[in-house]
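In the text below, chain A, chain B and the rest are named by the order of the sequence lines, each starting its count at 1.
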Amino acid sequence: MTNSEPILQVNDLKKHYPIKRGLLNREVGAAKAVDGISFEINPGETVGLVGESGCGKSTAATSIIRLEDPTDGEVIFNGGDRQGASRNGDGTHPNDVTRFNKRELKRFRREAQMIFQDPASSFNPRMSVGRAVSEMLEIHGMKDKHRRRAIVEDLLERVGLSAEDYDRYPHEFSGGQKQRIGLARALVLNPDLIIADEPVSALDVSIQAEVLSLIDDLQDEFGLSLLFISHDMGVIKSICDRVAVMYLGEIVEIGEVEELFRNPQHPYTEELMSAIPNPDPRDRSEGISLSGTVPSPTNPPSGCKFHTRCHKVVQSDEFDLEQEAWQQLLTFRQQVSIQGVDVDEIRENALLGRSEEEITDSVLKSEVRKEFDLPSELSDREAEKTLDNALDSIIADDFESATETLQSTFTTPCEEIEPEFTDHGDGHRSACIRHRNEIQSMELAADD
Amino acid sequence: MSDEPLLEVENLRTTFDTDQGELIAVDGIDFSIEQGETVCIVGESGSGKTVATESITRIVPIPPGEVDGSVRFKGQGLQSIDDEALRDIRGDQIAHIFQNPQEAMNHVYTIGWQIVEGLKIHQDVTDEEARAKAVELLDRVGIANASARFNDYPHEFSGGQKQRAMIAMALATDPDLLIADEPTTALDVTVQAQILDLLNELQDEFGMSILLVTHDLGVVAQIADRVIVMYSGKVMERGDVYQIFEEPAHPYTQALMKCLPEFGGNAGGIQGTLPDPTDPPDGCRFAPRCEHAASDCTVGDQPAEIEIEPGHLASCIYYQQGYDSSVVQNDDLGTNANERTEAADD
Amino acid sequence: MPQQHGQIESKGYLNRRQWLSMLGVGSTAAIAGCLGGGDGDDGEDGEDGSDGSDGEDGSDGSDGEDGSDGSDGEDGSDGEDGDDEMEMPEVQGSYITATSTGFETLNPLYNNTDGAATAIGRTLDQGYTFDENGDYFPLVYDMSTEDGKVWTFEVRDGLEFSDPYGQVTAETFVYQIQELHQTDWGNTPSAVDWQDVTVEQTGEMTFQAELETSNVLWPRTYAPLLYPIPIDIMKPYVEDEDAKGLEEEQELLELGFTGNLGPFTLDEWERSAGTTYSRNENYYLQNIDEGPELFNNAPYFESAEIRIISEQSSRLGALETGEITRAAVPPERVSEYDAMDNLKVLQQPQSFNTGGLMAVNMRDNGWNAGPGNLFRHIPFRQALASAINKRELIKGIRYGFGEPHFTWQPRFSKWYPGDENLTLWGVDDNYGEDVAKELAREAFEMSDHDYGFDGGQLVGPDGNQVTLELYALAGSETRIQTGEFIRDELADNLGINVSVESIEGVTFANNYWSTGQDNVAENGITREINGKEVTWDGPVPGPSNPGPREYHPSESWDLSIIYGLNTYPLNPLTNEAFFDGAACSYNPVGYYPEFDAKSIFEQMRNASSQSEIQEAANELFRNVNEEMPYITIMFPDGLPGMNADLVGPTESFFSGWDFGAWYFDR
Amino acid sequence: MGLGRYVALRVAWAAAVSMIIVTIAFLLISFSPNPEIQDAVRSASLQGENPAEARERIKELRGLDQPLHERYLDFMQNVYTLEWGWSDSRNQPVEEALLESVYYTAQYSIPWTILTVLIGPLVGLYSAANMYSWKDHAATGFAFAGWAMPNFFFAIILLLVFGIWLEWIPITYNTDAAVFSLENARQLFFPVFVLVTGSIAATMRVARNESAEFINADFMKTAKAKGVSPFRAYAYHVMRPTLVPLSTTLVGQLLAVFLGSSLLVEFVFSIPGLGRTTFDALVAQDTNLVLGSVLIFTFIGVVGNLLEDLVFTVLDPRISYDDR
């Protein structure tokens, strides 16, 4: 974007939560909430971090601002007057937030602020909002009470409230007003960077627009850089310059907002976009609907982590099924492998409106198909045969061989290959194996 | 569809006795819902839309609340029947789902228990039958591996799953009317889309009517047959979904439209805040925030609803005789929306 | 508080049991008082504890002592007029008394408390007792002597232990004395009683004991009082020299061997609830020749109980509803209870001066008002005694239920020298400002320092009014009232400014009254007192007599009304413990007699006749009345309330020896 | 599985706590003057013997000449084999003394605990359901009157009115009454009543506040919308979640009342229970019995806390065993 030094540079940031089991609390694994993300924010830029609940975006934020200690990686913050620092001899960076000592951290906390989703719970109900805001100044060493008050009153006006609101209490404000106060509190120390974690998702659409435009205005006025976290592509679109799409601890696509919206390269991005409610009653096509939820980061899928939910999941070379059927087939395979098919239950359901004798194996099989939205017959004969065999095994309660059958036949490269980033120009990159034949991007370089 | 609407609400007025005086949450509104129809009530937080829906079966706490007016459900007047008879209707023929599935479920009971509870109140079923039905419902609303998850506690469900379970709970008795109060507001956009799809599907399947409350016009566009726009306890505008989206008549509806994120940063939301419900302003409730407000707008009562075209009514004096409706109609939102849709379709 | 009193047990003729009865109020009572919410007087509580359970029972021998004044006849149980034809009362009902605290042990060999002695006495008689005239009355054995030096014991025939322990014989006692009390491992409370006694069995049912020096009052010291204990129970422990084992022996603790030796047999001892008994059909008392006719079917109660009821109000409530037969009543409620149909309250004179004794501190930690401890001058102590109106105090504090206290004997005692021989301080002519000030001036003359009256105030050498601190028992309303009464009297009549301080009994005992072992003078220390060389040796110096006046507890005090003491109306010799100056075991106040106490006690000890003793006693108590070692104010009366149907108790100090003859007249 | 491991950990922790307390007790006893030795030394010096010799003799006799760690091991062994020594003030084995006392204490404290646990939350719920109405004020007032009234005073008043004036109940406690007899019920009614009124207020208060929160919770709206009757809503949807926070405070409160009030109630009603035994032991400086009582109270406390934790985890499905 610009040639100047980015204000924030996140390099391969990881945050793993250990999982402990057993009497001795042995560590048996890790929940990889954030698993190696890299991006940068240039001065005055707003970068969006978008993804569903549970994708790790909030953990990324708290790790960046070091409310939690990251497991690995660098967060280089060049704000304040840190510009122009170069790496130390040992490869570490003097501006690396993850290595800041207490004093540096305190300074950093002044220069980088955070805004939270729920404005209501982040205020002490017994403290006037003015005090809540001016407290920040006091903590960071401003002794003069009158000056503090003057600054805060001025700020309250600039976020669209009035100076008289200084002495009022949080409960006297509406949600949107509270978020304005939250903004004032974040701005009072004149930071360079603000990390806003879902700042508008708890607000009405009308208020959202209001707060978003306020943030936009203030950003210009204060020369802020912004990391904006949201699950809502619509919101992202209206405020961000660039956006990084996160899925299960990783960034799957990053690029300038307009380019990304115009030409999404990752299926996940497409799905996020299609979720934006279309305010046109005449267009109710269901579009692509993202099914299921984000898998647990303790045991993420192999290969492309998104393949379990991907509507464009790649078929193995020998088949050419309908994409939907293929996706259902993979889901079914997954359920079988964890014995998630309750034949008894299905049998019982089938009994509703039928007599015992009518429940033949073939009826059961078709019930199972129905249960898992599988077509009554696959277009590929080979595939159909394998599926039928597997269904037979399942009805015979032999999950092992069913799993075996399904897994040996229905495979997707998505679960085998970890996708690498492909560059689509102008810093627009995505990680999807469908682009593997395109020009490989150069290494996602920190020394970009 | 019979001649009589499924639900007919007339002059519904709900007030609360508070320390600050009488709070008028819903100030005499009328609406009806036909069999199989989806009606959306849309408006900002505090506009009274939730209270309006909760007044139908008197879920609002009484006291301090007080509900006046006539509510007829399948021809039966709900306002005069006793609590027990009303309880028989609640959760049986009229079901509710709420905004925050996290809090709308009791955290100490399993999902299954909570579904079965309603079922057993209204239907004479055995435990096994109830359980089977609950599992089937969970399965139907898209909970994978439903029979195993029957015994899970709410905290073991994700937000979207919880809302699905709530829907399953509501559908347990095969209701005629499902009242969904901001069912997607607390959820991720992606989950919201899933839930809306699900509601659409279920409506087709079960043929129930849906009364959906939301502040998000995007949601309305996806699901509504008819729309009622509420503001400060009053109906501002009503009409079918196309009328509302393509020819929004009331300045308030227009302002709401402008708030949709798709309009980018060109609108700063609606300036100002809702009026004090204990002391509503004279004239049109929206007048203090309305860019077209004239002096006539701030006197008397809320203007009567004027029928602009069949089924499309607005409560704005500019549509009364003697005013120039073009002042408020000039807004080019409708066409704008069409253009935008095309752009997004790409 | 066994530990506290055990300190002087080696003093030859004052054993532990007697020692206990010397002190009227201990800290247990103080605690009971504090739990009582401060409304009850601890004095009363303390009396309750002992009174309710033992006052009537002479056989346990800790309280009722000799005093043969020959007054009898009013006792309904005597039945002298009815003689043989008299119809015996019906055996019925349960005799239930209450106590405020439980019993530590029921092992007769190791018990040293009054309460438990009563509980044991219900099942087991001791050697002898004293009848309503204070005369010796044989129970288990009869004692006789020619010269007061050699005593012959004759064990009563027909005394049986429970199976398999056989008959009580002379050997029973000789074994107990020789193999237990006279050993150095046995550690029994009775050990001191038998230290210098030579015991010898002289027949199957007789044995004799020879004392080092003659003592005609020997039985009255209670020293030769023994419980019959089966040899078979003691034997294994004697062989092992296992005192602890003997102490913990179940058969002794549960009194399972008592045969026909007591009026009742113990059913159960529940440690925190009390004891329950059933009538002993074969009580040997039924067959003896002595005593009243009524003994022929003793006892007349189906059962008996001693209940532990800690709360005074609960005890009174239980008395009122008839749940218990007998309990002490506080004076302010006597008229109320006496008026009830189902109850009567008796007024029994007592030998304790609890609440009616003011101690003056003559040690160096006393008289903190200036130089020169005025308490050390007899006229000043007399002045104090005459400044306090005793009758007023009794009326005000005890509702009239008490006796003025002039010398170290109660009026009913036969050792009482008679009013005509005493100065009746604090009543009539010997009370008032003029008398008191005159005596005080006498004291000022004797003092090296410049004390005097200035406009009614007693002022010291520095010209300031003399201010003294008076300690009263905390939590006791009546003690504090007593203190305030004394304060006003001393202010009005002597111009002394007294401040009343309340203090916990334990605190006072430990820090003010008795010293720790470290503050005690060397054994053998000598001083000149009243012109004579005096040596502190033997058992003293000890905590209660730490030595010359410069030895004293760490805290200073002037006046106290914490403790009441026993006046030993049956055996005046026992009072040696208080008034023999350097040699006496109990002298916290630092009193040294100016009369020849030593030779009076010597005379008493060597007396061979009652009249000789009487003479010495008269002299002793005249002198005590003169010198006022403690300011004696009053004897409170015992006020046992009881079931109106109960026949037997009398309004006499000696009531209770004939417990076996008591009955319900319903 | 999680629960098993959690229980195991809690039990282990409870054992560790009791171990620590027992050790502290041992150390206190070891380093405080032993009255027995003092007695022996005093009587030796009074009898003109060598006090130092007497000290050694008694130490040897009592095994106090052993090194500290051996005495500690002995002590611990005795504690855990329930050989708690001889009570000098009651002349019976300490275990027996405590067993007798606990027998009577249990007779009033079990019904008391059950009633408090039952009535407290119910009154609280009733109050919350009628919050700020006269019913709420009446219930709150009732509970607080019981709490504010000193138990001791209250007990005496009750005894006066019902025992002495009306003669409905006996003044003194009859230890012979069978546990499940009318007589026992009669004599225990007021002790239990006094304790229940004393302890109910706190429980009721917590229950009231907590259930007030749940009464206004969204899930109550859900229940209402399902057609659940108000009674069922309170019984199932409010009561059950209220028990979760309540369970965390209940044990502590009951223990506090137990320690504080049982002694006084035992005094007034002459119940020969644990409180009086402990008090008497303290007064009599009966070291073994004091220690035994401390162990009992420790045990009650530790087990109470353990139960509290377990009940809490069972009641609240959201608690993850791994996190605690």
Inset, instruction - Return the orientation label for the D:Phe189 and D:Phe193 ring planes: parallel under 30°, perpendicular over 60°, tilted otherwise. - result: parallel

Inset, instruction - Could you give me the CA-CA distance, side-chain angles and deciding distance for D:Tyr173 and D:Phe269, then say whether ring-ring contact (aromatic ring centres under 6.0 Å, His included) is met? - result: CA-CA 6 Å; D:Tyr173 182 83; D:Phe269 292 101; 9.4 Å; no

Inset, instruction - Select one option (side chain, backbone, both, neither) describing which atoms of C:Arg271 are under 4.5 Å from chain D's heavy atoms. - result: both

Inset, instruction - Return the option, out of C:Leu316, C:Leu253, C:Leu106, C:Ile324, with the maximum number of heavy-atom pairs under 4.5 Å with chain D. - result: C:Leu253

Inset, instruction - Name the region of C:Glu268, side chain, backbone, both or neither, that has any atom closer than 4.5 Å to a heavy atom of chain D. - result: side chain

Inset, instruction - Please flag which part of D:Arg90 lies under 4.5 Å from any non-hydrogen atom of chain C: side chain, backbone, both or neither. - result: both

Legend entry - Under 3.5 Å donor-acceptor, C:Tyr277 side chain and C:Ala119 backbone: yes

Legend entry - Test side-chain contact (heavy atoms from CB on, under 4.5 Å) applied to D:Val268 - qualifying residues, sequence neighbours left out: C:Glu311, C:Ser314, D:Phe152, D:Ala155, D:Ile156, D:Leu159

Inset, instruction - Quick one: which of C:Arg307, C:Glu305, C:Glu270, C:Glu320 has the most heavy-atom pairs under 4.5 Å with chain D, could you say? - result: C:Glu270

Inset, instruction - Check whether any side-chain N or O of C:Asn342 sits under 3.5 Å from a backbone N or O of C:Thr321 as a donor-acceptor pair, and report yes or no. - result: no

Legend entry - Side chain / backbone / both / neither for C:Ile309 at chain D, heavy atoms under 4.5 Å: both

Legend entry - With C:Glu254 via side-chain contact (heavy atoms from CB on, under 4.5 Å) - residues at least two apart: C:Gln250

Legend entry - Engaged part of D:Glu266 at the chain C interface, taking heavy atoms whose separation is under 4.5 Å: neither

Inset, instruction - Go through the atoms of C:Glu323 and report whether side chain, backbone, both or neither lie under 4.5 Å from a heavy atom of chain D. - result: side chain

